[in-house]
Asker: 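Encoded as structure tokens, here's the structure I'll be asking about.
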Amino acid sequence: QQRRSNSLIYSGIFNSRTGINQSNQFSIAEEITRSVDPTGGSIQKLYAEDTNLIIFQEDKVNRALIDKDAIYSAEGGAITTTANLVIGQIIAYAGEYGISTNPESFAVYGYQKYFVDRNRNCVLRLSRDGISEISSYGMIDFFRDKLALIGSTGSIIGSYDIYNKNYVLSLQYEGITLPDTLSFEEATNGWVSFYDYKPSTGFSSQGKYFTTNLTTVYEHYVTKVKTTQNPLPNVPRNSFYGAASQPSILKFIFNPDPTIVKTFSTVNYEGSNGWEVT
């Protein structure tokens, strides 16, 4: 018996409409295995997108063609051809990044895939233009220090908040009770908020955002319905998992040099007009 942590194998087909179930058949007469570069570490996560299979290793991210293969012309261009292959050619994305051993950090929205490479102290985004290091948007020092505290028993919980269109990341450390939960917003290309809750998992459904705390599922952004008796209900803010509400804190960090113009792209205010800051 041998454990091949960098290889893929597929069985026969399963068709619920016709009743064909060959998922327990692995014919050695067919080419049913594919292997990625073992120097990239073990395979931690698979994600199917259209006709590509994205393979996340510890130290590398690849994509495999599904039900097709590619040949290359003399000029180096790829020509996609149909072939009798379930898993076609495996192509590596540019950049020495992987998902470490934290596949729970993966979240997806549209063509944006988010994940964490703990070995390199960075948070990454995979899109059509390749891999980008979103932790470098003003948070290099934070993630460099915090990801080193995860340890072997900690976890990095990633999820996508469809309600606010944010990637929510919860860093849960080894031997430390309080986590760091924060969110990244694509519109402003920055990290916009910290939260004080510790989710076990998170997911979005039907335009709503949910997280779980141990065995209970909680819906976020719930407000009380207005009634005739109570047209302005007292809505508790910052109350997570039945705990008492916490105050909202807005902390400004300014460059002390008054001659430099400051521009903040991750600060947004929503409310009534007529207020000012002196």
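Source: prediction; values computed, not measured.
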Asker: Over 60° means perpendicular and under 30° means parallel, so tell me whether Y241 and Y218 are parallel, tilted or perpendicular.
Answerer: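 Ring orientation of Y241 relative to Y218: tilted.
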Asker: With a 3.5 Å cut-off and no angle check, do the side chains of R118 and N102 form a donor-acceptor pair?
Answerer: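 Judged by distance alone, the side chains do pair up.
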Asker: Where does the angle between the aromatic ring planes of Y160 and Y109 fall among parallel (under 30°), tilted (30 to 60°) and perpendicular (over 60°)?
Answerer: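 The arrangement is parallel - the two ring planes meet at less than 30°.
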Asker: Which atoms form the tightest heavy-atom contact between R17 and N15, and what is the distance?
Answerer: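 What the structure gives for the nearest pair is N-OD1, 2.9 Å.
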Asker: For F143, run the ring-ring contact (aromatic ring centres under 6.0 Å, His included) check against Y137, W191, F184 and tell me which one passes.
Answerer: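 Exactly one candidate clears the test, W191.
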Asker: Can you tell me which residue among K60, Q57, R120, E133 is in a side chain to side chain donor-acceptor pair (under 3.5 Å) with Y97?
Answerer: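 Going through the options one by one, the only one that passes is E133.
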Asker: Hey, does the Lys NZ or Arg CZ of R128 hover above the aromatic six-ring of Y111, less than 6.0 Å from the centre and inside 45° of the axis?
Answerer: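 Positive - R128 is close enough to the ring of Y111 and near enough to its axis.
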Asker: Are F203 and K208 close enough that some pair of their side-chain heavy atoms sits under 4.5 Å apart?
Answerer: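 Side-chain contact under 4.5 Å: no.
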Asker: So S204 and Y163, side chain to side chain contact (heavy atoms under 4.5 Å, CB included) or not? Walk me through it.
Answerer: CA-CA 8 Å; S204 293; Y163 189 89; over 6 Å; no
Asker: Side-chain donor-acceptor pair under 3.5 Å between E186 and Y114, yes or no?
Answerer: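 The criterion, which ignores hydrogens and geometry beyond distance, is satisfied for Y114 and E186.
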Asker: Give the minimum heavy-atom separation between R34 and I87, together with the two atoms involved.
Answerer: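 The pair with the smallest heavy-atom distance is NE-O, 3.1 Å.
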Asker: Can you tell me if N21 and S23 form a side-chain donor-acceptor pair at under 3.5 Å?
Answerer: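 The answer is yes; a qualifying pair exists.
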Asker: Under the criterion side-chain hydrogen bond (donor to acceptor under 3.5 Å, both in side chains), I'd like the reasoning laid out for S35 against S7: C-alpha separation, chi angles, the key distance, then a yes or no.
Answerer: CA-CA 4 Å; S35 297; S7 299; 2.7 Å; yes
Asker: List the atom of N6, the atom of G41, and the distance in Å for their closest heavy-atom pair.
Answerer: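 Closest approach of N6 to G41: CB-O, 4.0 Å.
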Asker: Within the 4.5 Å heavy-atom criterion, are F26 and I9 side-chain neighbours or not?
Answerer: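 In contact.
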Asker: With a 4.5 Å heavy-atom cut-off, do I54 and L126 have their side chains touching?
Answerer: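 I54 reaches L126 side chain to side chain.
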Asker: Taking distance alone, no hydrogens or angles, what donor-acceptor pairs closer than 3.5 Å link side-chain atoms of residues 149-159 to residues at least two apart or in another chain?
Answerer:
from, atom 1, to, atom 2, distance (Å)
T153, OG1, E174, OE2, 3.3
S155, OG, Q172, OE1, 3.3
S159, OG, Y209, OH, 2.7

Asker: Quick one: does L65's side chain get under 4.5 Å of T51's, heavy atoms only?
Answerer: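 Result no, sub-4.5 Å side-chain heavy-atom pair not found.
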Asker: I want to check something: taking the side chain as every heavy atom from C-beta on, are Y167 and V123 in contact at a cut-off of under 4.5 Å?
Answerer: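 Side-chain contact under 4.5 Å: yes.
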Asker: Without swapping roles, check the side chain of D117 against the backbone of G98 for a donor-acceptor pair under 3.5 Å.
Answerer: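 Answer holds: yes.
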Asker: Do F194 and I249 have side chains that approach each other closer than 4.5 Å (heavy atoms only, starting at C-beta)?
Answerer: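 Not in contact.
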Asker: Just wondering, are more than 12 heavy atoms of other shown residues or ligands nearer than 6.0 Å to CD in Q25?
Answerer: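 Yes, enclosed.
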Asker: What's the shortest heavy-atom distance between D59 and T39, and which atoms?
Answerer: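 Answer, listing the atom of D59 first, then T39: OD2-O, 4.4 Å.
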Asker: Side chains of Y47 and V108: closer than 4.5 Å at any heavy-atom pair?
Answerer: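 Y47 vs V108: side chains touch.
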Asker: Is R63 salt-bridged to E49, going by a charged N under 4.0 Å from an acidic O?
Answerer: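 Judged by the 4.0 Å cut-off on N to carboxylate O distance, R63 and E49 do not form a salt bridge.
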Asker: So which atom in A94 and which in I131 form the shortest heavy-atom distance, rounded to 0.1 Å?
Answerer: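 Nearest pair, atom of A94 first, then I131: O-CD1, 4.1 Å.
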Asker: Not counting sequence neighbours, which residues clear salt bridge (charged side-chain N to carboxylate O under 4.0 Å, His left out) with R4? List them please.
Answerer: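 Once residues adjacent in sequence are excluded, R4 has no partner under the salt bridge (charged side-chain N to carboxylate O under 4.0 Å, His left out) criterion.
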Asker: Taking atom types as modelled and ignoring hydrogens, do the side chains of Y197 and N213 form a donor-acceptor contact shorter than 3.5 angstrom?
Answerer: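 No - no donor-acceptor pair under 3.5 Å links their side chains.
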Asker: Between V116 and S105, what is the shortest heavy-atom contact and its length?
Answerer: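 That would be N-OG, 3.1 Å.
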Asker: Under a 3.5 Å threshold, yes or no: a donor from one side chain and an acceptor from the other, between N238 and S248?
Answerer: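 Checked: N238/S248 side chains pair up, N/O donor to acceptor below 3.5 Å.
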Asker: So do the side chains of Q44 and E58 get within less than 4.5 Å of each other, counting heavy atoms only?
Answerer: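 With C-beta onward as the side chain, the pair touches.
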Asker: Can you name the one residue among T181, T212, V168 that meets side chain to side chain contact (heavy atoms under 4.5 Å, CB included) with P199?
Answerer: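 The option that passes is T181.
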Asker: In this structure, is the centre-to-centre distance between the rings of F106 and F115 below 6.0 Å?
Answerer: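 Distance test on ring centres: not under 6.0 Å, no.
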Asker: For the pair I162 and K165, evaluate side chain to side chain contact (heavy atoms under 4.5 Å, CB included) and give the outcome as yes or no after the intermediate values.
Answerer: CA-CA 5 Å; I162 191 67; K165 300 295 180 67; 3.9 Å; yes
Asker: Is the closest side-chain donor-acceptor distance between R125 and N189 under 3.5 Å?
Answerer: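 Yes, N189 and R125 have a side-chain donor paired with an acceptor closer than 3.5 Å.
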Asker: Using atom types as modelled and distance alone, determine if a side-chain donor or acceptor of D50 lies under 3.5 Å from a backbone N or O of N52.
Answerer: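 No.
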